[in-house]
Amino acid sequence: MPFRQSTIAAMIVAATAATAVAQDDVIEQRQQLMKDNGQAMRVLVPMARGQAEYDAEAALAAFVSIRDSALVFGDLFPEGSETGGDTRAKPEIWSDREGFDAAVAAFIDDTEAAVAAAPADLDAFRPVFGAMAQNCGDCHEVYQVPED
Amino acid sequence: MLRAIVVVFTVIAVVGAGFWLLTRPMRLDQQTLAAMQAHEADLSNGQTLFWAGGCASCHADADAEGEDRRILSGGAALDTVYGTFGMPNISPHPDDGIGRWSLADFANAMLRGISPEGRHYYPAFPYTSYARMTPGDVADLWAYLKTLPAVESDVTARTELGFPFNIRRGLGLWKRAYLDAGPVIGAAELGEDAMLLRGRYLVEGPGHCGECHTPRDFAGAMRNERWLAGAPNPEGDGRIPNITAHEDGVGDWTEDDIAFGLESGFTPEFDSMGSTMAAVVKNFANVPAADRAAIAAYLKAIPAMPDAR
């Protein structure tokens, strides 16, 4: 019996440790996705501002990258990942889950629309890009803590 | 015994009279008000000041977008380390808003932090910065505010503060110590350059950037020796970033990065500015590009300071 108890205890410790690791992982994963989005924006913004030649293929690739991030993003905020790993996630993500899910859904919709539009020129690009980029600030306003 | 009572009451009376005198509201003089009355209103300039001044950040509904951010029905609460401040309806509604105010009432509110009834406002209403605005700009802003929709809504959160901040009259003393319409950054740093001076005016005056980006002392006054060097978030978790040109701040941002950040909310790494800065960006997206550029030039010209350690 003592053996069994210690086995169970060891399993509990191992499971707890695994959960902790997994939660650090999701924080890192969501931060990585945001960095990927930043890379995609680095392609898109100069085109939107007329500082780079419009490149339809590069624009579509960037839209696809952001859309793919958007699709999985909402799953990376499980209970228990509220803190740790320099996260700037606000507690409102968990206390206002419905609102957060709605914000992610809107982000997915606008990225899907941008991919579907596959804009051929700058005039077609600007409105779908603008609608998509609007999501960044709207979501961060409510669900991201300011940083130093 | 009688003598002791007389002494005690005399002391109380003298101290009371002193407090009353030192804390009395100091309204604008007649000459300034007369000059404002004579000013011909420029609504376009008033609109620029409305957005640069960030009125909508506190007085419009938090969920409002686009045109609806010009509906200043108030009702929200500002939760800070000092307590909760209720934010009023400042739409032109005659009963619930400020529709019955005169230009003089508005000017005394903006430049002196005094209500039409002669009470001190708490500096959660950032008249500590607005005091640097020119009388002409205040008059233009007033003319613009009067064109906005009048909204019937008298919902105002209760202002609830701890001692000694709950003694409103005491703000008279606080203002004597801290209300200063002079510039923070002087000619030594900025010289005579018109663009830098425009940037200073927008940042230190209507833009009231220092209210969040500059740390405060024990009395809640901005520590100007740490001007814009970042501060604890007055409304909760995290810190308000250092926006001086130090490497801890915006040292590696170009002026274009700063101007574009104010317009779009994107940092050079394409993080999107969140929290209360998101509303500031929605405001500054509406000011002329030259003004955003002036702010950027000013931020790069003021003393660079590391984060507080």
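Computed from a predicted structure; not experimentally measured. Per chain, numbering begins at 1; letters A, B, ... match sequence-line order.
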Counting heavy atoms not belonging to D252(B), are there more than 12 under 6.0 Å from its CG? yes
Which answer fits [X], side chain, backbone, both or neither, if we ask what part of it has an atom under 4.5 Å from a heavy atom of chain B?
X	result
M41(A)	both
A133(A)	both
D138(A)	side chain
K90(A)	side chain

I'd like to know whether H140(A) forms a side chain to side chain contact (heavy atoms under 4.5 Å, CB included) with D271(B), so could you lay out the CA-CA distance, the side-chain angles of the two residues, the decisive distance to 0.1 Å, and finally the verdict. CA-CA 9 Å; H140(A) 283 189; D271(B) 183 9; 3.2 Å; yes
If the threshold is 4.0 Å, N to carboxylate O, is there a salt bridge linking D256(B) and R49(A)? yes
[atom1]-[atom2] distance between [X] and [Y], expressed to the nearest 0.5 angstrom:
X	Y	atom1	atom2	value
D237(B)	Q144(A)	CG	CD	12.5 Å
Q51(A)	F260(B)	CD	CZ	8.0 Å
K282(B)	Q134(A)	NZ	CD	7.0 Å

Atom of S272(B), atom of G137(A) and distance for their closest heavy-atom approach: OG-N, 3.2 Å
Are N37(A) and F270(B) close enough that some pair of their side-chain heavy atoms sits under 4.5 Å apart? no
Can you confirm whether T276(B) sits close enough to E141(A) that some side-chain heavy atom of one is under 4.5 Å from a side-chain heavy atom of the other? no
